[in-house]
Student: 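Structure provided below as structure tokens; questions to follow.
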Amino acid sequence: MLNQIKLISAALLSIAILTSCAAQQVKSDQPSLKDAYAGKFLVGATVNGDMVAHPSSKKMRIVKQHFSAATMDNAMKWGPFNPQPGEYNFEAPDKFASYTQQQGIAAVGHVLFWHSQTPDWVFKDDNGNLLSRDALLKRMRERAKLMANRYGDKIKIWDVVNEAIEDDGSLRQSLYNKIIGDDFIEQAFRIANDELPADAVKLYNDYGMTRSGRVNTVIKMVNDFKARGVPIDGLGIQGHWSMDSPTLDEIDTSLTKLAATGLPLHITELDIDYLGRSQFFGANGANVDLQKRIATPENNPYPNGNFPASADAALGDRYAAIFKLFLKHHKDIDRVTFWGVTDGDSWLNGWPVAGRTNYPLLFNRDGSAKQALQKVIEVGLAAQ
Ligand code: GLA
């Protein structure tokens, strides 16, 4: 599978280089991110429904110029995609699938099964009672089948299960687990494997993938799946990190441990929370269930876009150091995807503090490049 995705990467890369030549006419002095990491790993970003509806917008020009992979941020999750039984919102995912195919961008299906952003009806019968195990497995299969029929020829990388393991390594007691039992993840992968095309890359995706409890359970799970022939093709490391956590050593160690499973690694949701979160509940967490705080002058120091150049430089240095590590592990990493294109798109403006103005990505709100973009590109070019 590693070879397979490297082949896909190589094919996409040649298309990417061709398209980026065109994109560079827009801004010819700027080498692109995807070219800087060509031959190492794909570089991606998430897009949203508004962006795929406006393919000639500034943000989509950035996507076309700089990224060789793309993920929809919300529109393919069970809730937004299928809010009521029989009601489907196909428009944005359809546009996403066609656009990425036309542009030769590797599309990622996010996400088949996640405890969050999944409507209650999924787990209940018409009388409001929890479904039986078989009935929920049937619903999961129907969803996988529909995704496969509609997008299987265009979307070749899928987050199959998201966030099913806790920090301490125990299984998350979500409704999936309560109804199906401790083999929920296994059943999800079996269903995905039955329904998705044979060349689809199926990932287990989670945050906090530097925490030893979770990392150890993931490794145990992969080894067990391999021993028993349960199909899994890769590991998604979300990468919702901050300025000081996890440390480079922690990232290095966990990449080494996870790669030793033999599965390719995908960094799936990278962002650096410049404003930080450790003051609220421990660094490096990304649990969307945790309660939000309210913005104050202390936790929201740059509310008007007045991000100081020195802060921008520090963010760039943090990103550069992290990308040096990714390069060190590039043989095991197939893709690095940012969670958003510009700072304005980031979920970190609303979590864990509602209404903050955060600066976690490589592009400013107006689409202009931050120092971080240049620094990350330089790291890639130096390794070419
Ligand atoms: C999780 C999910 C993503 C997204 C991010 C941030 O990591 O996997 O889909 O919701 O949180 O919002």
Side-chain angles (χ1 to χ4, degrees), residues 44-52 69-83 89 92-93 96 107-119 122 143 147 155 157-167 172 174 176 185 188 192 202-211 214-215 218 234-242 245-246 254 265-277 280-293 335-356 358-361:
T46 46
V47 295
N48 59 36
D50 185 53
M51 287 160 71
V52 292
T71 306
M72 285 232 82
D73 63 353
N74 281 308
M76 297 185 78
K77 293 171 179 170
W78 202 323
F81 184 77
N82 179 195
N89 294 316
F96 167 72
V108 181
H110 177 78
V111 44
L112 285 183
F113 308 118
W114 185 28
H115 68 280
S116 184
Q117 290 185 265
T118 298
V122 168
R143 171 165 163 81
M147 288 297 193
I155 300 183
I157 304 171
W158 288 86
D159 292 335
V160 173
V161 174
N162 199 22
E163 303 180 355
I165 298 170
E166 300 277 10
D167 285 352
R172 183 188 289 275
S174 68
Y176 282 115
I185 306 178
K202 298 171 294 297
L203 306 179
Y204 175 77
N205 189 48
D206 217 324
Y207 64 83
M209 289 282 264
T210 52
R211 296 196 168 160
R214 182 177 288 104
V215 169
V218 168
L235 293 173
I237 298 164
Q238 290 186 3
H240 294 297
W241 294 333
S242 36
S245 179
S254 64
L265 309 179
H266 292 234
I267 313 298
T268 51
E269 309 187 12
L270 183 62
D271 48 29
I272 303 293
D273 182 357
Y274 184 86
L275 299 181
R277 64 188 79 143
F280 308 118
F281 40 70
N284 180 26
N287 187 344
V288 290
D289 298 338
L290 290 173
Q291 205 193 347
K292 290 183 190 172
R293 271 71 175 168
R335 171 173 61 100
V336 177
T337 289
F338 291 87
W339 199 255
V341 177
T342 73
D343 285 342
D345 308 321
S346 176
W347 72 299
L348 294 170
N349 297 305
W351 186 93
V353 176
R356 283 210 290 195
N358 216 331
Y359 300 84
L361 296 167

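In each ligand, atom 1 is the first atom listed, and ligand 1 is the first ligand listed.
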Student: Tell me which one of H110, K77, E163 gets a heavy atom nearest to atom 10 (O) of ligand 1.
Tutor: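 Checking each option, the heavy atom nearest atom 10 (O) of ligand 1 is found in K77.
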Student: Please name the residue in the list M76, K77, M72 that meets the side-chain contact (heavy atoms from CB on, under 4.5 Å) test with V111.
Tutor: K77
Student: Compute the centroid of each ring, for W339 and then for H110, and state whether the two points are separated by less than 6.0 Å.
Tutor: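 For W339 and H110, the ring centres are under 6.0 Å apart.
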Student: Does ligand 1 have an atom that lies less than 4.0 angstrom from a heavy atom of W351?
Tutor: no
Student: Rounded to the nearest 0.5 Å, how far does OH of Y207 lie from CD of E163?
Tutor: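 So the CD of E163 and the OH of Y207 are separated by 5.5 Å.
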Student: Between ligand 1 and W347, is the shortest N or O to N or O distance under 3.5 Å?
Tutor: no
Student: Does ligand 1 have a heavy atom under 4.0 Å from the side chain of Y207, from its backbone, from both, or from neither?
Tutor: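 Looking at Y207 and ligand 1, no heavy atom falls under 4.0 Å.
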Student: Suppose I only count heavy atoms of H240 and a 4.0 Å limit; which atoms of ligand 1 are within that range?
Tutor: 5 (C), 7 (O)
Student: Hey, which atoms in ligand 1 end up nearer than 4.0 Å to a heavy atom of N162?
Tutor: 2 (C), 8 (O)
Student: Please name the residue in the list L203, T71, V108, D159 that meets the side-chain contact (heavy atoms from CB on, under 4.5 Å) test with H266.
Tutor: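 Among the candidates, only L203 passes.
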Student: One residue to check: W114. Relative to ligand 1, which of side chain, backbone, both or neither has a non-hydrogen atom less than 4.0 Å away?
Tutor: side chain
Student: Angle class for the H240/W347 ring planes (parallel below 30°, perpendicular above 60°, tilted otherwise)?
Tutor: perpendicular
Student: Name all residues meeting the salt bridge (charged side-chain N to carboxylate O under 4.0 Å, His left out) criterion together with D345; count only those two or more places apart in sequence or in a different chain, and write none if there are none.
Tutor: K59
